K.L.:
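Here it is: the structure, laid out below.
For clarity, every value in this text was computed on a predicted model and none was experimentally measured. Side chains are part of it too, since the values below use all heavy atoms of this structure and drop only hydrogens, waters and symmetry mates.
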Amino acid sequence: MKNFRFFSFNACDIKPWRGKYNRILGNTTTFKIKFSIEKQAFWPIVEWNRFDETIFCLACEATGGIKDLVEAVNKAKIRISRRPGGAFLINEFGQVIVPSSRGDGKRLLVGEVDGVLLFENPSDGSIIDLSDDTGLEIGDLWEKPYIGVKYNLNRSSNIYYYRYCSEQNKSEYLPKQDDELIKKLRKVRRYGAVRFIVNQHGIVLTKIPEGEYCRDEDKWIPVYVGRINYSLWFKKEE
């Protein structure tokens with residue numbers, strides 16, 4: 001793998017994370033640290049659930065950021081799950097959040113990434129750049145891993161985040177609704193409630209039904225919507 005892009009990881013003192021974390025539930029695409037036989041080391045991957053198959057995409061070589069990222073995630077995993085390796089999430093602010101592998105809801109913030117971490121698609125040898133939306137228009141098929149933090153658009157066309165709390169679950173709305181983003185979401189999903197994700201580069205994606213209506217189960221495909229406007233978005237949490 002000889003594809004290089006600027007990428008760095010800045011570790012912080014590991015601390016509990018009580019901020020936004022929602023992920024799509026079920027058998028979904030995930031960032032993970034796994035032991036790589038090829039690298040003979042723990043290494044970042046995207047476990048890409050694409051249609052009816054799972055593809056394991058190794059991160060391409062980068063500067064020391066990869067080693068630092070692996071070390072921080074594994075340190076957090078050992079602290080809350082007693083063993084290295086497992087899932088982590090990068091939100092739209094580059095913050096790296098590590099959940100407990102025990103499913104107890106505990107999460108830790110370990111630092112922030114900067115730049116682009118590339119991955120190799122083993123199916124065809126192509127390079128996956130999750131920051132690159134060059135040439136994509138609203139509604140175009142998203143042919144890369146569908147991964148990010150989950151947000152919602154309600155039936156009244158207001159964007160919100162649903163926070164699960166031990167005391168009381170609640171919906172948190174944008175301080176000022178982003179009308180442009182809402183128009184883009186409604187262009188691909190004209191009515192009803194919409195679930196969408198924002199990846200670590202601020203790219204907005206959602207899924208739409210493909211083909212004719214099926215009473216039993218529609219087939220949903222990921223499409224490109226656009227990018228968030230950070231000045232109108234939720235504030236970065238610490």
K.L.:
Any chain of hydrophobic side-chain contacts (each under 4.5 Å) joining Ile203 to Leu232?
P.N.:
no

K.L.:
Answer whether the closest heavy-atom distance between the side chains of Leu89 and Phe31 falls below 4.5 Å.
P.N.:
no

K.L.:
Give me the atom names and distance for the closest heavy-atom approach of Gln200 to Leu130.
P.N.:
NE2-CD1, 3.6 Å

K.L.:
Could you tell me whether a side-chain N or O of Arg189 sits under 3.5 Å from a main-chain N or O of Lys207, the two making a donor and an acceptor?
P.N.:
yes

K.L.:
Looking only at atom types and distance, does a side-chain atom of Thr30 sit under 3.5 Å from a main-chain N or O of Lys32, one as donor and one as acceptor?
P.N.:
no

K.L.:
Checking the side chain of Thr206 only, and the main-chain atoms of Arg195 only, is there a donor and an acceptor separated by less than 3.5 Å?
P.N.:
yes

K.L.:
So, the side chain of Asn199 versus the backbone of Gly148: is there a donor-acceptor pair under 3.5 Å, distance only?
P.N.:
no

K.L.:
Please determine if Glu143 and Arg50 form a salt bridge, counting it only when a charged side-chain N lies under 4.0 Å from a carboxylate O.
P.N.:
no

K.L.:
Kindly check if the number of other-residue, nucleotide or ligand heavy atoms within 6.0 Å of CZ (Arg102) is above 12?
P.N.:
yes

K.L.:
Look at the rings of Phe93 and Tyr230 and say which category their plane angle falls in: under 30° parallel, 30 to 60° tilted, over 60° perpendicular.
P.N.:
perpendicular

K.L.:
Between Trp220 and Tyr146 (judged by ring centroids, cut-off 6.0 Å), do the two rings come close enough to count as a pair?
P.N.:
no

K.L.:
Would you call the rings of Tyr161 and Phe234 parallel, tilted or perpendicular, taking 30° and 60° as the class edges?
P.N.:
perpendicular

K.L.:
Start with the C-alpha distance between Arg163 and Glu237, add both sets of side-chain angles, then the distance that settles salt bridge (charged side-chain N to carboxylate O under 4.0 Å, His left out), and finish with yes or no.
P.N.:
CA-CA 13 Å; Arg163 189 183 295 274; Glu237 299 172 303; 2.9 Å; yes

K.L.:
When Tyr151 is tested against each of Glu172, Lys20, Glu92 for side chain to side chain donor-acceptor pair (under 3.5 Å), which residue passes?
P.N.:
Glu92

